[in-house]
J.: 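Pasting a structure here, questions to come.
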Amino acid sequence: MSDSPVDQSRRTWVAITAGAGAVGGIAAAVPFVSSFAPSERAKAAGAPVEADISGLKPGEKMTVEWRGKPVWIVRRTKEQLESLKKTDPQVADPQSKRNPGELTPEYARNEHRSIKPEFLVAVGICSHLGCSPTDKFQPGAQPSLPDDWQGGFICPCHGSTFDLAGRVFKNKPAPDNLEVPPHKYLSDTVLLIGEDNKA
């Protein structure tokens, strides 16, 4: 029994429609499947990041992103550096001896917690629950701060306070100082965050 002309025409259109659907499905699947591949941004997230500090004036802070975290670079004034001597007896870990390999590289285990005393490089995430502290550089009495405040950072979530070296004050919720990421100077004006001379 032979196919009628109508059946043959219908089969042709069904085949054409199915073919077009398959091509369309493949075209739609390619970008979907490729979305599983890491983006360029994601690939770069773990890579070291250069920071130009040439325009950073004393008393100012800049933030760069490294591995999805905010990294603060603070250019401390002479007065701010002097204040660290006053906060030494008030902070929980003045020499950064707790979790040293994890939180503070050997070259930053000093009163300034830095390679160059003038520049603090620290991850801006509180060691308590991962909030980001806010700047409170102005010394003196202020709401939620002691009357003899020397300047530093306060975490708005639970009130942990840190001095201008990122050292946590005693009897605060945060268990540790702010993390100092691996870093090195490529020149007097360029920092490399995420890699040091040991890498």
Side-chain angles (χ1 to χ4, degrees), residues 48-128 130-140 142 145 148-156 160-170 172 174-198:
V49 176
E50 286 188 20
D52 182 352
I53 56 173
S54 60
L56 198 60
K57 295 182 176 73
E60 290 183 345
K61 179 187 96 172
M62 66 182 285
T63 304
V64 296
E65 185 180 337
W66 171 67
R67 292 188 176 177
K69 304 177 197 175
V71 175
W72 297 336
I73 304 166
V74 181
R75 186 172 182 183
R76 296 175 285 205
T77 64
K78 288 180 183 177
E79 293 77 20
Q80 289 173 331
L81 287 171
E82 283 297 313
S83 77
L84 299 179
K85 293 175 184 170
K86 296 174 185 173
T87 56
D88 253 356
Q90 301 171 351
V91 296
D93 186 16
Q95 298 301 317
S96 302
K97 292 183 179 178
R98 292 186 197 165
N99 303 318
E102 181 183 339
L103 296 173
T104 312
E106 188 175 344
Y107 48 80
R109 284 182 223 145
N110 51 53
E111 185 178 61
H112 308 111
R113 295 190 79 226
S114 60
I115 297 171
K116 295 183 179 183
E118 189 177 359
F119 291 99
L120 169 68
V121 180
V123 175
I125 297 176
C126 180
S127 57
H128 181 221
C131 301
S132 188
T134 56
D135 307 346
K136 291 292 181 180
F137 292 168
Q138 181 65 39
Q142 298 166 59
L145 294 169
D148 63 344
W149 180 247
Q150 298 295 317
F153 311 93
I154 182 170
C155 185
S160 293
T161 48
F162 303 86
D163 72 359
L164 285 162
R167 301 179 300 179
V168 67
F169 282 82
K170 293 176 182 175
K172 296 294 178 178
D176 290 304
N177 296 335
L178 297 178
E179 176 188 357
V180 173
H183 64 281
K184 63 182 178 181
Y185 288 85
L186 299 180
S187 70
D188 287 341
T189 59
V190 179
L191 260 170
L192 185 67
I193 314 292
E195 186 177 298
D196 54 26
N197 291 325
K198 293 184 176 182

J.: Between Asp52 and Met62, is any pair of side-chain heavy atoms under 4.5 Å apart?
T.: no

J.: Please step through side-chain contact (heavy atoms from CB on, under 4.5 Å) for the pair His183 and Ile115, ending with a clear verdict.
T.: CA-CA 9 Å; His183 64 281; Ile115 297 171; 3.6 Å; yes

J.: Salt bridge or not for Lys184 and Glu195, using N-O below 4.0 Å?
T.: yes

J.: To the nearest 0.5 Å, tell me how far Lys78 NZ sits from Glu118 CD.
T.: 9.5 Å

J.: Quick one: pull up CD in Gln80 and CZ in Arg75 and give me the separation to the nearest 0.5 Å.
T.: 11.5 Å

J.: Of the non-hydrogen atoms in Gly59 and Phe137, which two are nearest, and what is the gap between them?
T.: O-CD1, 3.8 Å

J.: So how far is it from Trp72 CH2 to Ile193 CD1, rounded to the nearest 0.5 Å?
T.: 14.0 Å

J.: Under a plain distance cut-off of 3.5 Å, with no hydrogens placed, do Asp163 and Thr87 share a side-chain donor-acceptor pair?
T.: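 The criterion, which ignores hydrogens and geometry beyond distance, is satisfied for Asp163 and Thr87.
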
J.: Are any of the side-chain heavy atoms of Leu145 and Thr161 separated by less than 4.5 Å?
T.: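 Touching, per the 4.5 Å side-chain cut-off.
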
J.: Within the side chain of Asn177, is there an N or O that forms a donor-acceptor pair under 3.5 Å with the backbone of Asp93?
T.: yes

J.: Does a side-chain heavy-atom distance below 4.5 Å link Arg109 with Lys97?
T.: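 Not in contact.
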
J.: Between Ser96 and Arg113, which heavy-atom pair has the shortest distance, and what is it?
T.: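 Reported closest heavy-atom pair: OG-NE, 2.8 Å.
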
J.: Whether the side chain of Arg167 engages the backbone of Leu84 through a donor-acceptor N/O pair (distance < 3.5 Å, no angle test) should be reported.
T.: yes

J.: On a heavy-atom basis, which atom in Lys170 and which in Pro89 lie closest, and how many Å separate them?
T.: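 Looking at all heavy atoms of both residues, the closest pair is NZ-O, 2.9 Å.
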
J.: Is the count of non-hydrogen atoms from other residues, nucleotides or ligands lying under 6.0 Å from Lys61 atom NZ greater than 12?
T.: yes

J.: Quick check: does any side chain N or O of Thr134 sit under 3.5 Å from a backbone N or O of Ile154, one acting as donor and the other as acceptor?
T.: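 Checked: pair present.
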
J.: What's the spacing between Glu179 CD and Ile125 CD1 if we round to 0.5 Å?
T.: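 If I round to the nearest 0.5 Å, the distance is 8.0 Å.
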
J.: I'd like to know if the side chain of Trp149 reaches the main chain of Lys136, judged simply by a donor and an acceptor atom lying under 3.5 Å from each other, with no hydrogens or angles considered.
T.: yes

J.: Got a donor-acceptor contact below 3.5 angstrom from the Arg76 side chain to the Leu81 backbone?
T.: no

J.: How close do Val71 and Val121 get, counting heavy atoms only, and between which atoms?
T.: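 Here Val71 and Val121 meet closest at CG1-CG1, 3.8 Å.
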
J.: Please step through side-chain contact (heavy atoms from CB on, under 4.5 Å) for the pair Val168 and Asp176, ending with a clear verdict.
T.: CA-CA 6 Å; Val168 67; Asp176 290 304; 5.8 Å; no

J.: Hey, are the side chains of Ser127 and Leu178 touching, using non-hydrogen atoms and a 4.5 Å cut-off?
T.: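 In short, these two side chains do not touch, never coming nearer than 4.5 Å.
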
J.: How many angstroms lie between atom CG of Leu191 and atom CG of Leu186, to the nearest 0.5 angstrom?
T.: 7.5 Å

J.: So which atom in Ile53 and which in Val190 form the shortest heavy-atom distance, rounded to 0.1 Å?
T.: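 Shortest heavy-atom contact: CG1-N, 4.3 Å.
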
J.: Considering non-hydrogen atoms only, spot the tightest contact between Phe162 and Ala174 and give its length.
T.: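 Looks like CZ-CB, 3.8 Å.
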
